Amino acid sequence: MMNFRTKLSRAGHPEVAINSLKNKRSGQQTPAANIKKPRKGDVHFCPNIPSGETRDGLEVERVALLTEVKKKKKDEAVIKEKMQRTFSLRRQEILQEPKIPEFLNKWPALFDVSEINLEFMRLTTVPLTFKFLGELDRLTDDLIRVFHTKGGAAGRKIRAVMAKTDNSEDINVRRDCVLSCLSIYLNEDLDTLVKEYVVTIIQALRRYSIEDFFTKLVYVTDRGSNIVAAPRSVTRLSCAAHILNTVLYSTIGKPSQEDAFGEEVTTLVTGPKSLVTYFKQTSLQNRLKKTLKASVETRWNSVHTMLESISCQYEDVHALLLERGEEGRLNDLSEDTLKAMVMFLQRFKEATKALEASKTPTLHLTAVWLDRLKRHLQPSSTDNLTFSSLKAKLHNEVRRLVNDIKERRASPTQRVATVSSAPPEKRARQSEGLSDVEDSSSSDECTQDEVSAYIDFKSPREENFDVLSWWKEHATRFPNVAHIARLILSIPASSAASERDFSTAGFVVSERRSQLKPGTVDDILFLHSNLKKH
């Protein structure tokens, strides 16, 4: 009587047949030699040929896929569809342990970055990027301890890179520093990795025949060391919301030795943090009308949210602590101080909300909010010593960051320079920059008159001024300036929109919805971003 695995083998089940003696290499034809089995996390280790398909039919699809990949203008949708369709054939070939050059020639599409992510999803049903970042965050503390054991020149480089985390609480900065230190620890050339990253971007642009516009793109990112280094050959702007968050945490979260009241400022954050933790651990949260909110370093304005959640129900919090004999936890947190701190941070929250908008222009608001915050930080006769110290620290930090950004900003010639991998003939065309704007005027004199007329024109000064509608109405009067305005206003002041999309994608592609096609995910994200919220 046959056992279950024998029946599966005779039925042609691939996960059993792959380990049969006739499918093993010569010299390894023994039952225990070179057993192929799923690794931890492999869900589709050796899938069956789909119902209605045959190996010959899938081989025809593979040849058609190879033809599509070799085209100058590739159809990405067709490539993704055929890669999904031929997954079972490809997996069975991989388990036969082919030579890498031969496999690369047969499946070149698999070595594309997007297809690597999709293949990982097909094999494990887990998003590769989110899984990698999650594991990186989990192992960060262990990696840092290993880095500290490194000596010599590499150790000095590692300590210089990790010093950047002292001035920022941004998790993206922390990730960038850890990855940079890992490349140094392993003696990898970071410049080579960055160059490969830029070349990958150019290749992606060429698929859609838009590589000529590479130098006209503006990248808005955080100030992580890796992401700052990557697009050196193009224009990059620092995310205004990230800068505000960095300013607040580097000022409030870390006491300064030069500041006599630095400890008092820091207590305004550490005290409420411990209070919220105490309420969570003792289940006192359930006795409040609204739960106390914890401050999360990677979440913008979370300090304001935490303080506001305590301030709006201060009396209830005090009563619960008094009932337990723990009223001493509020000794350094008076109700008036909390309200003053909430009102002070409210202005920064308003600035962040305005700058992270995704459906309206925001870049022109950076100068407006910088001026408003500078005026907000001016000393007042009603300020006590703690708030005077806090305002001075924030003002100095804002000025330091602005000066640092100005110093790091590349010159115009550097911004339009292309990487060495780009073809020479493309480089000459890219160096024209905004030639389409310059050629649009009939003469220098005409352009000068238009600019002068625009400067002398009196624009409305109401609070809810719609800048897009204004330019649409006056585009015929200032055609050249309107074209430049269209280019500038399309640049966001913050990278918050793209980060929201990544966050939404994490909820969409879950363990129970891991088989969604890429096009379906794109459609869901599009609807989520553009449908009106009711």
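A quick note: this is a predicted structure, and the numbers were derived from the prediction, not measured.
Side-chain atoms of Leu333 and Thr337, non-hydrogen and from C-beta on, never get closer than 4.5 Å to each other. By the 4.5 Å heavy-atom criterion applied to side chains, Glu68 and Asp75 are counted as neighbours. Annotation: side chain of Asn117 is not in contact with side chain of Met121 (no heavy-atom distance under 4.5 Å). Looking at Ile488 and Leu363, their side chains come closer than 4.5 Å, going by heavy atoms from C-beta outward. A 4.5 Å side-chain heavy-atom check between Leu248 and Leu394 finds at least one atom pair inside the cut-off. Looking at heavy atoms from C-beta onward, Val178 lies in side-chain contact with Phe147 at the 4.5 angstrom threshold. Inter-residue side-chain proximity for Leu468 and Thr360 is flagged as unmet; no heavy-atom pair is nearer than 4.5 Å. For the pair Ser238/Ile243, a side-chain contact is recorded, criterion being any heavy-atom separation below 4.5 Å from C-beta on.
The heavy-atom pair separating Leu377 from Lys391 by the smallest distance is O-CB, 3.6 Å. The minimum heavy-atom distance between Arg513 and Ile524, with the atom names listed, is NH2-CD1, 3.7 Å. Taking every heavy atom of both residues into account, Ile491 and Leu487 meet most closely at CG1-O, 3.6 Å. Of all heavy-atom pairs between Ala294 and Met306, the closest is C-CB, 4.4 Å. Taking both residues in full, the closest heavy atoms of Ala351 and Trp369 are given as CB-CE3, 3.5 Å, listed atom of the first, atom of the second, then distance. The shortest non-hydrogen separation linking Asp466 to Ser469 is OD2-OG, 2.6 Å.
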Trace of the side-chain contact (heavy atoms from CB on, under 4.5 Å) decision for Leu179 with Leu136: CA-CA 9 Å; Leu179 291 175; Leu136 177 64; 4.1 Å; yes
Intermediate values then yes/no, side-chain hydrogen bond (donor to acceptor under 3.5 Å, both in side chains), Lys293 and Thr291: CA-CA 6 Å; Lys293 308 299 181 183; Thr291 60; 3.2 Å; yes
Verdict with supporting geometry, Arg500 and Glu356, side-chain contact (heavy atoms from CB on, under 4.5 Å): CA-CA 10 Å; Arg500 280 195 292 265; Glu356 69 176 7; 4.0 Å; yes
Trace of the side-chain contact (heavy atoms from CB on, under 4.5 Å) decision for Tyr314 with Leu338: CA-CA 9 Å; Tyr314 186 87; Leu338 278 176; 3.7 Å; yes
Derivation and outcome, side-chain hydrogen bond (donor to acceptor under 3.5 Å, both in side chains), residues Thr305 and Ser302: CA-CA 5 Å; Thr305 303; Ser302 61; over 6 Å; no
Worked check of side-chain contact (heavy atoms from CB on, under 4.5 Å) between Val317 and Leu275: CA-CA 10 Å; Val317 171; Leu275 180 64; 4.1 Å; yes
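Lys339 has a carboxylate O that lies under 4.0 Å from a charged side-chain N of Glu335, or vice versa, which qualifies the two as a salt bridge. Salt bridge Asp222/Arg174: absent, no basic N to carboxylate O contact under 4.0 Å. Contact check on Glu350 versus Lys353 returns no salt bridge, with no Lys/Arg side-chain nitrogen under 4.0 Å from an Asp/Glu carboxylate oxygen.
Judged purely by distance below 3.5 Å, without hydrogens or angles, the side chains of Ser183 and Ser180 never pair a donor atom with an acceptor atom. With 3.5 Å as the limit, one finds no donor-acceptor pair spanning the side chains of Arg477 and His474.
The 12-atom threshold is not exceeded at CD of Glu315, counting heavy atoms of other residues, nucleotides or ligands nearer than 6.0 Å. Within a 6.0 Å sphere centred on CZ of Phe502, heavy atoms belonging to other residues, nucleotides or ligands number 12 at most. More than 12 heavy atoms of other residues, nucleotides or ligands sit less than 6.0 Å from atom NZ of Lys349. Heavy-atom neighbours of Phe130 CZ from other residues, nucleotides or ligands within 6.0 Å: above the threshold of 12.
Of the possible polar contacts, none joining the Ser311 side chain to the Leu307 backbone as a donor-acceptor pair under 3.5 Å is found. A donor-acceptor distance shorter than 3.5 angstrom exists from the side chain of Gln313 to the backbone of Lys290, with no hydrogens or angles considered. In this structure, Glu450 contributes its side chain and Val481 its backbone to a donor-acceptor pair below 3.5 Å. Thr520 places no side-chain N or O within 3.5 Å of a backbone atom of Leu516 that could act as its donor or acceptor partner. Although no hydrogens or angles enter the test, the distance criterion places no donor-acceptor pair under 3.5 Å between the side chain of Thr362 and the main chain of Pro492. Formation of a donor-acceptor pair under 3.5 Å by the Ser529 side chain with backbone atoms of Phe526 is not found in this model.
Rounding to the nearest 0.5 angstrom, the gap separating the CE atom in Met83 from the CD atom in Glu76 is 11.5 Å. His376 contributes atom NE2, which lies 5.5 Å from atom CZ of Phe348 (distance to the nearest 0.5 angstrom). Interatomic distance, OG1 of Thr352 versus NE2 of His304, reported as 10.5 Å (0.5 Å rounding). Distance check: Lys74 NZ to Ile79 CD1 gives 6.5 Å after rounding to the nearest 0.5 Å. The structure places CD1 of Ile484 at 11.5 Å from CG of Leu489, a figure rounded to the nearest 0.5 Å. To the nearest 0.5 Å, atoms CG (Leu365) and OG (Ser494) are separated by 12.0 Å.
Centroid-to-centroid, the aromatic rings of Tyr454 and Trp471 come within less than 6.0 Å.
Relative orientation of the Trp470 and Phe478 rings is parallel, given thresholds of 30° and 60° on the angle between their planes.
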